[in-house]
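Remarks on the structure that follows.
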Amino acid sequence: MFNRLRKKPMTEEDTPVNKPSTARLNLFFFAAFVIFSILIFRLAFVQFVEGPELTYMETSRNTKDIPLAPVRGPIYDATGKVALAYSEPVQSLYVLLYEDYRNDERRQEAEELAHDLAAVFKQFNPGDKEQPDGEEIIKRLDLDYQKTFGYVPRLVKSDLSTKEIAFFMEKKADYPGVMVLEENIRKYDPDGVAVQVVGYTREFKRAPDSIAKYKAIREGASTQRDPGLVYHEEEKVGFDGLELQYQEELRGRSGYQSIDIDARNLPDGTMLQTPPEKGYSLVSTINKEIQMAAQEAITDELRRLPKAITGYAVAMEVDTGNVVAMASMPDYDPNDWDYDKIKYVFRNGTTESFPPNDAKPSRAESVILLGSVIKPLSVLIGLKEGLFTAGQTYHDQGYAILGKDGRQVKNSHSAYNGSITARRAIEKSSNAFMIDMVGKRLLSKYGSEGIDIWDKHMKEFGLGVSTGVDLPNEFLGRLEYTNKDESALTRLAFASFGQQAKYTTMQLAQYTTMLANKGKRMEPHLVKEIRDADGNVVKEIKPKVLNEVDFADAHWNEVHKGMVTKVSAFDGFPYDYARKTGTSEQGTGPNKKENGVFIAFAPRDNPKLAVAVVVPEGGFGSVSASPIARKIFDAYDEVYGLDGTPKGKKDEGKDKE
């Protein structure tokens, strides 16, 4: 029984075989395919996408590029010959630290070097107290690496004398790590030509984040791979004017010194130097001769006027928009920049406003109410909107009445003008006409929306909007007629004769140009050409019309005929010209101020030049501002000729005969 129940021993043929299923095999091969695909994709990504970055990191790990400041391009006046700003080469002494001087033994060696250098400077500059002594040089060497890494050369002294240069070149072997490198310092025309237009430079490290382009450079510094675009903290950059506006064009490209470093961030090998590249040059529209005439004219008037302390003028060509003079006085010396001395004058008053401050007599508002110079535009608006016709008369009794309380707004000196047309109202500067025929009638036709109609016309003429001038920090004006705390009647009435908005002298010049060319708003230009280091023109700034207004030619003619106010400063002027004087008032009682304003263009029938002048607290514009404009027109006539023939050349021809 037992034997029958006992199992038969299993043979090799009887052993069961576990064969994998087809699905499991497919899953295995698919997983392997995915893994290898990922690996191949990653290798490709590393090679082609991350490769350049990894290569840079690998090579820069032991090699550092030390930027050398680029050679900043010059800024010329309109002749292309007079440099208003230029870079002057100087030789500077640097020291490269090859050792870690933070231990006492090494530090003593560095301090001995510092005192040796101080002795050399004293030897070649006896009695000069400005020369750095040993302790000062030790500070400049930054032996504790508090300011920068060891491989960055330390500036010891700039502007070496020829004797100092010769000495260190000859004794190079005796002063390891000492280098004489060429740098450039920024200089400006010693006559102080249009300094607020040209601007000034300061160290990059001092650039505030409010200057957007420098903030962006700082934020992108860690990812900047082009050594030529790396900014050094001590590099001089534009802070205002054309120096800031055209920073990229003027800057050029940094040079750099490539040097191997060790694990201590100290030099370990030969230094290779790539020289910096010179920036582009600017040819401005400013003519030095005309600019100096404008500056001197303002200065002369400020000496004569009892209250005025500042003055501004802009002269703009009617057909091109080229600004041939842009004066803001008093000015400053950009070669000797001291903020405490110039903080109220370093900004160009034609582009940015200073708020008034009666407690500080040295500080006057630079953007003021226009006064009567707005009246030609008031009349144009009245004619355009059909508020009156050119031949319609108005009885001017010397004042207009505002509101139910019978408040009177008078003409200057309460002048009684009798029956006058629009043309005569401009000539006589009638406040009453502007209030009754323009301000009140706009309100009657449009209601409170008359403010919007007025605003639209102002901005079409460049008042209250950007002029497009190629300068930074442009101030767009202060539109007091938008203040809803006052009634629409009051705002329109006072706006109609120039007492409800403040504009820059540049805006006023653009507006005057539009009056001259009958409606084309020209973009003001302060640069006409950009040239490369070889003098080739790489960009030419051509005239640009920003917008045009559509007014009947008869309306333009009517306004031009009204711009004939008697101005004694132009007695003997050899051209027929269009002009308008203005005297705006602000404040009351002892704080009352009268600002002089004047606009003009000449010749009347074929205008070449438009001029706007503002003298804050100068009194009547016919007295304070018009003499400045006359001298600017005379200077332009000498240089270019208001009739196309330069009078200076005529005189030269007579002398030769």
Side-chain angles (χ1 to χ4, degrees), residues 64-70 87-186 201-207 230-237 254-257 259 261-262 264-268 271 273 276 336-338:
K64 293 294 181 181
D65 291 328
I66 305 164
L68 300 172
S87 294
E88 189 173 85
V90 297
Q91 304 296 321
S92 299
L93 189 76
Y94 282 83
V95 172
L96 187 62
L97 304 183
Y98 281 98
E99 300 291 345
D100 188 342
Y101 293 100
R102 283 173 286 193
N103 64 68
D104 292 340
E105 182 180 351
R106 291 294 187 186
R107 190 178 189 90
Q108 185 177 355
E109 294 177 6
E111 291 178 352
E112 289 176 358
L113 171 63
H115 288 290
D116 285 347
L117 293 176
V120 174
F121 297 146
K122 186 176 181 180
Q123 172 188 343
F124 290 110
N125 303 277
D128 186 351
K129 296 181 180 180
E130 298 296 322
Q131 298 300 313
D133 59 16
E135 294 303 318
E136 176 60 28
I137 294 176
I138 291 172
K139 291 180 183 178
R140 296 180 184 182
L141 290 178
D142 186 26
L143 300 176
D144 295 320
Y145 313 122
Q146 294 180 346
K147 297 179 181 179
T148 189
F149 294 112
Y151 60 81
V152 177
R154 272 67 167 157
L155 174 62
V156 173
K157 183 186 175 185
S158 294
D159 199 8
L160 299 175
S161 67
T162 54
K163 292 182 179 180
E164 289 170 331
I165 296 170
F167 176 85
F168 286 112
M169 295 299 289
E170 182 181 352
K171 304 288 186 179
K172 189 174 183 180
D174 298 334
Y175 293 91
V178 173
M179 303 179 294
V180 176
L181 299 177
E182 182 173 285
E183 296 184 312
N184 288 270
I185 56 175
R186 199 65 165 169
T201 59
R202 301 287 279 166
E203 294 84 359
F204 176 62
K205 65 183 179 183
R206 300 192 184 189
V230 173
Y231 277 59
H232 189 271
E233 286 293 289
E234 301 297 327
E235 176 184 336
K236 295 292 184 68
V237 298
S254 302
Y256 54 93
Q257 296 168 320
I259 187 168
I261 63 169
D262 58 21
R264 300 172 300 165
N265 268 329
L266 290 170
D268 183 25
M271 179 179 289
Q273 182 169 316
D336 183 20
W337 207 93
D338 184 335

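Everything quoted here is computed from the prediction, not taken from an experiment. Values below: all heavy atoms of this structure, side chains included; hydrogens, waters and symmetry mates excluded.
Checking side-chain atoms of Arg154 against main-chain N and O of Tyr94 turns up no donor-acceptor pair under 3.5 Å. Under a 3.5 Å cut-off, the side chain of Ser254 and the backbone N or O of Val230 do form a donor-acceptor pair.
With Asn125 as the partner, the side-chain hydrogen bond (donor to acceptor under 3.5 Å, both in side chains) test is satisfied by one option alone out of Glu164, Glu130, Lys163: Glu164. Screening Glu233, Glu234, Glu235 for a salt bridge (Lys or Arg N to Asp or Glu O under 4.0 Å) involving Lys205 leaves a single residue, Glu234. Checked options Glu136, Lys122, Lys157; the residue passing with Gln131 is Lys157 (criterion: side-chain hydrogen bond (donor to acceptor under 3.5 Å, both in side chains)).
The NZ atom of Lys236 lies 8.0 Å from the CD1 atom of Ile185; values are rounded to the nearest 0.5 Å. Interatomic distance, CD1 of Ile165 versus OG of Ser92, reported as 9.0 Å (0.5 Å rounding). The CZ atom of Phe121 sits 9.5 Å away from atom OG of Ser161, with the distance rounded to the nearest 0.5 Å. A distance of 4.0 Å separates CD of Glu111 from CD1 of Ile138, quoted to the nearest 0.5 Å.
Residue pairs meeting the ring-ring contact (aromatic ring centres under 6.0 Å, His included) criterion with at least one partner in residues 154-182, sequence neighbours excluded, are Phe124-Phe167, Phe168-Tyr175.
At a cut-off of 3.5 Å, with distance as the only test, a side-chain donor of Ser87 or Arg186 sits close to an acceptor on the other residue.
The pair Lys139-Asp133 does not meet the salt-bridge criterion, since no charged nitrogen lies less than 4.0 angstrom from a carboxylate oxygen.
Annotation: Gln108, atom CD; neighbour count of heavy atoms from other residues, nucleotides and ligands within 6.0 Å does not exceed 12.
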Next item on the list: Just do the salt bridge (charged side-chain N to carboxylate O under 4.0 Å, His left out) check on Lys171 and Asp116 with the steps written out, would you?
Entry: CA-CA 12 Å; Lys171 304 288 186 179; Asp116 285 347; over 6 Å; no
